[in-house]
S.K.: 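One structure, as structure tokens, below. Some questions next.
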Amino acid sequence: MISQQLLLDITKCSRCGKCTAICPMFEKTRGWDTGVARGKLLISWGLVRGELEINDKLIESLYQCPTCMLCEQECAAGAKVTEIIREARALVVERGASVPFSHRGTFDTVARITLRDGLHRDWLDLIRGDFRESGEIVYFPGSLPYLEPILDFDLGAARIISAAVKIFNRAGIRPTIVKELADSGHDTFWSGQYQFFNALKEKNSRLLAGAKMIVTTCAEDYYILKNEYSLDAEVYHISQFVRDLVREGKLAFSKGVERVTFHDPCRLGRHMGEYDAPREVLKAFADYREMVRYGKDAACCGVGAWMNCNKYSKQLRLDRVKEAAEAADTLITACSKCLSHFSCLMTEPEKVEDLPDIKIVDFTEFAARNLKDI
Amino acid sequence: MPDFEPLIIAFACNWCSYAASDVAGTSRSYYPANVRIIRVMCSGMVDPTYILRALEGGADGVLIAGCRPGDCHYISGNTKAEKMVERMKTLLRRLGLEDERLRLQWISSGEGRLFARTIEEMVGRLKEMGPSPLKKRRGCQA
């Protein structure tokens, strides 16, 4: 149920329209106010009060938002827009409507299957490197091994997971990888399926009970483990982990000549406030360039939580990739969603006009590739 | 489990395999009653989510039946299905399900006998393998 504080937040909105100027999705849809924060707040209000009935238009309005938080950051009244939208989605789910997931809900189904006990998971053979299956320092790959086969392009799950293990190994750590872990639940949480999320959270919390430190390679997993789970362990994103290791002198990189730029995932940047760690690491060994929109003003990759991938989100992606191509030859990102969306775009050169020539690489993979022996 | 009867969901292509199941019926070929056939316009339209939802909902096996390579009514739907099935087998293995629960079979429209044999083989194999680990226990509605 939506909290009193958030309801007050809805009334904070003075309808100034700043969000209409800043929302990346609204810039593409050019629709009515229902496509932008101030309209969505009103819809949420109507839903809470029971004055609105749930129909396709309402669902589209609430679920088209990638919850990138750009509007919330700039909101003059300081309304917590993304949280309100999430709570409104929860109301929609509570009243029995289905979530408009992309890929016909495949990822949601996979998350439900990962929740089941008694399956003998088999993906540890993807990993090259030294790891153990129980211990205190845990590497959390999330649903990466399960996402990859669904997508019809090479996401590089094996490469990313092995890269993370390589980083651990170089620092003299044998990370723990728990293959029974369920999906982190980020997408179920942001789509408003709280009951489902709690089940995932309960299972993962049980499996992670003995952990002292958890490292994730995905910004979304980092967000959800740190914010919504109540774990005893310290949660780090791999960029923070690598930065700390470099500062302690346990890792070193060999200088590269590649021109690289970094796309801030919304979950790592605006939601968690971590802008510096990946930059500090990348600047240490690569020819780092900044894009026009970076840091807290970084543009969105187009889709959050696998919802509503459509022509507008594709335009957002294309814009971002073009922007990156002006700055560098390689685009680094630290979130498996951003990575898969950008990679997906790059696999369609015949369908997309003026697609720039740029490589999309995950942060973990790029860092591991340039590791140097100390 | 001696009394275990597996449940198979079959996605059969409208142009070949569904017609083959008709031929199997009209020529009175016997095949086990464990299969539920869903007609699709092309094997290429079978989405990963159909397979996962079938297994999640309690099916022990999923059969995707399409036209033989080169015979697809829509030119290349069956090759698309073949790639998808390969990827889904990987996913099932990683999730902890036996990849044999998913089978792709090319059955052209006259091959009623092959359709019947495919179902027979699949039922035999699934009986050896036992119920799907995703199946809810008896007495508990899925």
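Chain letters run A, B, ... following the sequence lines, proteins first and then strands; every chain starts at 1.
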S.K.: Compute whether any side-chain donor of one residue and acceptor of the other, for A/Asp183 and A/Ser143, lie under 3.5 angstrom apart.
M.R.: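 Yes, a side-chain donor-acceptor pair sits under 3.5 Å.
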S.K.: Under a 4.5 Å cutoff for heavy-atom pairs, which residue among A/Leu147, A/Ile113, A/Thr106 has the most contacts with chain B?
M.R.: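 Of A/Leu147, A/Ile113, A/Thr106, A/Thr106 has the most heavy-atom pairs under 4.5 Å with chain B.
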S.K.: On the ring face of A/Tyr63, is A/Arg89 found with NZ or CZ under 6.0 Å from the centre and within 45° of the axis?
M.R.: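 Geometry flag: set, cation within 6.0 Å and 45°.
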S.K.: Relative to chain A, which of B/Leu134, B/Thr90, B/Leu52 shows the most heavy atom pairs under 4.5 Å?
M.R.: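 The candidate making the most pairs under 4.5 Å is B/Leu134.
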S.K.: For A/Phe363 and A/His237, take the angle between the two ring planes, folded into 0 to 90°, and tell me which bin it lands in: parallel under 30, tilted 30 to 60, perpendicular over 60.
M.R.: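 Answer is tilted, since the angle falls between 30° and 60°.
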S.K.: Is A/Arg116 close to chain B through its backbone or its side chain, or both, or neither, when contacts mean heavy atoms under 4.5 Å?
M.R.: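 For A/Arg116, side-chain heavy atoms alone lie under 4.5 Å from chain B.
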S.K.: Given that the side chain runs from C-beta out, which part of A/Leu151 has a heavy atom under 4.5 Å from chain B: side chain, backbone, both or neither?
M.R.: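 A/Leu151 touches chain B through backbone heavy atoms alone.
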S.K.: How would you list, by chain and number, every residue that makes a ring pair (Phe, Tyr, Trp, His ring centres under 6.0 Å) with A/His103, sequence neighbours excluded?
M.R.: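 Only A/Phe107, A/Trp306 meet the ring pair (Phe, Tyr, Trp, His ring centres under 6.0 Å) criterion with A/His103.
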